[in-house]
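In what follows, a single structure is set out as structure tokens and then discussed.
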Number of protein chains: 2
Amino acid sequence: MSCFATLKGKGLRLTQPRRVILDFIHDKGDHLTAEEIINYVHGKFPRVNKSTIYRTLELLEKNECVFKSESMDRTIYHHAEEGHHHHMVCSKCGKTIDCEEDLFAPVERSLGEKYGFNVDFKHVVMSGLCERCKNLTG
Amino acid sequence: MSCFATLKGKGLRLTQPRRVILDFIHDKGDHLTAEEIINYVHGKFPRVNKSTIYRTLELLEKNECVFKSESMDRTIYHHAEEGHHHHMVCSKCGKTIDCEEDLFAPVERSLGEKYGFNVDFKHVVMSGLCERCKNLTG
DNA sequence: ATTCTTATTGCACCCAGTTGCAATAATAGC
DNA sequence: GCTATTATTGCAACTGGGTGCAATAAGAAT
């Protein structure tokens with residue numbers, strides 16, 4: 001958990017809200033929505049304001065302690081230990097699958113060649129149907 | 001402008017707000033943000049409520065009269081006559097480039113093969129650097 | 001342990017977008 | 001052209017997320 005060290009090293013303070021949020025994201029080792037994080041923190045420390053939570057998440061992201069993945073309809077956070085990757089969320093059952101970082105390489109190449117456009121796909125969240133739900137729907 | 005006919009055919013009413021909004025999107029023949037649409041409508045008819053505008057846009061989208069493209073940081077609308085495509089917006093100069101519908105085909109294929117996951121990329125908005133800005137930045 | 005500095009917090013308010021509901025207006029039937 | 005029906009609207013209130021600022025507390029120095 002060198003995250004605390006990272007923050008200290010930058011002259012940032014180790015406050016209770018920061019500790020709680022970082023521990024939660026680390027221990028969960030999973031993808032969390034802002035809502036889940038807010039609910040958890042409020043369960044333990046009701047006096048912590050939501051603005052503090054959003055500011056903390058922003059700070060953790062800036063310092064690369066957590067990664068934030070956002071798409072039109074959902075934003076999720078996960079601990080930096082889990083590395084860079086993209087996410088697929090099943091719109092039926094909610095199942096989340098991580099997938100490899102270079103998934104969009106062909107698209108990036110194609111945009112560069114055809115339009116000279118430089119796009120860096122990072123932490124993309126995609127909605128769709130997982131195998132099981134696709135077959136059930138048939 | 002068969003859009004009006006489309007709406008009529010479904011028993012939907014041709015109200016003034018709908019006429020104004022649809023005409024604007026059609027005549028602009030361009031990508032418009034919700035804000036631009038709201039400003040325009042308010043300029044002409046100050047009494048039209050923003051909720052009406054959002055509801056109208058939603059309705060036009062459901063009936064495929066306009067297409068909505070959304071990403072984390074921007075939502076844009078354009079007339080259905082312009083067809084399906086994706087958008088690249090330069091994060092420096094704001095320039096917007098349309099690009100072909102099948103851009104994400106390799107990604108869709110790869111997700112299907114590796115994970116059995118079914119994602120349909122439609123109206124994706126990407127942020128990045130256009131050729132000019134990329135070169136200026138060095 | 002106390003004091004001081006200033007990073008961090010809580011608060012109260014802002015913003016874009018959404019929703020429930022009663023009031024209004026578009027249109028079908030006369 | 002009127003009337004009745006009901007789709008649509010305006011309103012007011014709500015949502016998730018964000019911001020400026022005065023109050024608070026972390027941690028350095030004593």
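Every chain is numbered from 1, with letters handed out A, B, ... down the list of sequences. Everything quoted here is computed from the prediction, not taken from an experiment.
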Separation of [X] atom [atom1] from [N] atom [atom2], in whole Å?
X	N	atom1	atom2	result
B:E70	C:dG17	CD	C1'	11 Å
B:I38	C:dC15	CD1	P	13 Å
A:R18	C:dG10	CZ	C1'	14 Å
B:E61	C:dG17	CD	C1'	14 Å
B:K50	C:dC14	NZ	C1'	11 Å
B:E58	C:dT19	CD	P	7 Å
A:I53	C:dC11	CD1	C1'	14 Å

*Keeping the roles fixed (side chain from A:T52, backbone from A:V48), state whether a donor-acceptor pair exists under 3.5 Å.*
no
*asked:* Strictly distance-based, threshold 3.5 Å: is any side-chain N or O of B:K134 a donor or acceptor partner for the main-chain N or O of A:G116?
replied: yes
*Do A:H79 and A:D27 get their side chains close enough for a donor-acceptor pair, meaning under 3.5 Å?*
no
*Do A:H87 and A:S69 have side-chain atoms, one donor and one acceptor, less than 3.5 Å apart?*
yes
*What about A:R55: does its side chain form a donor-acceptor pair under 3.5 Å with the base of C:dG10?*
yes
_Taking any atom closer than 4.0 angstrom to a non-hydrogen atom of chain B, what span of DNA chain D does the protein reach, first nucleotide to last?_
D:dT6 to D:dC11
*Mind checking the NZ-CD1 spacing from A:K50 to A:I38? Nearest 0.5 Å is all I need.*
7.5 Å
*How long is the span from the CZ atom in A:R19 to the CG atom in A:L7, to the nearest 0.5 Å?*
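With rounding to 0.5 Å, CZ (A:R19) is 10.5 Å from CG (A:L7).
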Holding to side-chain contact (heavy atoms from CB on, under 4.5 Å), I want the full list of residues that pass it with [X], two or more places apart in sequence or in another chain.
X	answer
B:D120	B:E108, B:K122
A:K114	A:S110, B:E100
B:E58	B:K62

*Between A:H78 and A:F67, what is the ring plane arrangement, given parallel below 30°, perpendicular above 60°, and tilted in between?*
perpendicular
*Assign the ring pair B:H85 / B:H31 to parallel, tilted or perpendicular, where the plane angle (0 to 90°) is split at 30° and 60°.*
perpendicular
_Inter-axis angle, terminal five-pair segments of the helix from C:dA1-D:dT30 to C:dC30-D:dG1 [nearest 10°]_ = 10°
Would you list the protein and nucleotides 27-30 of chain C atom pairs, both N or O, that sit under 3.5 Å from each other?
{"residue": "C:dT27", "atom": "OP1", "partner": "B:L14", "partner atom": "N", "Å": "2.8"}

*Report the residue (A:P17 or B:E35) whose heavy-atom-nearest nucleotide on DNA chain C is the more 5′ of the two.*
A:P17
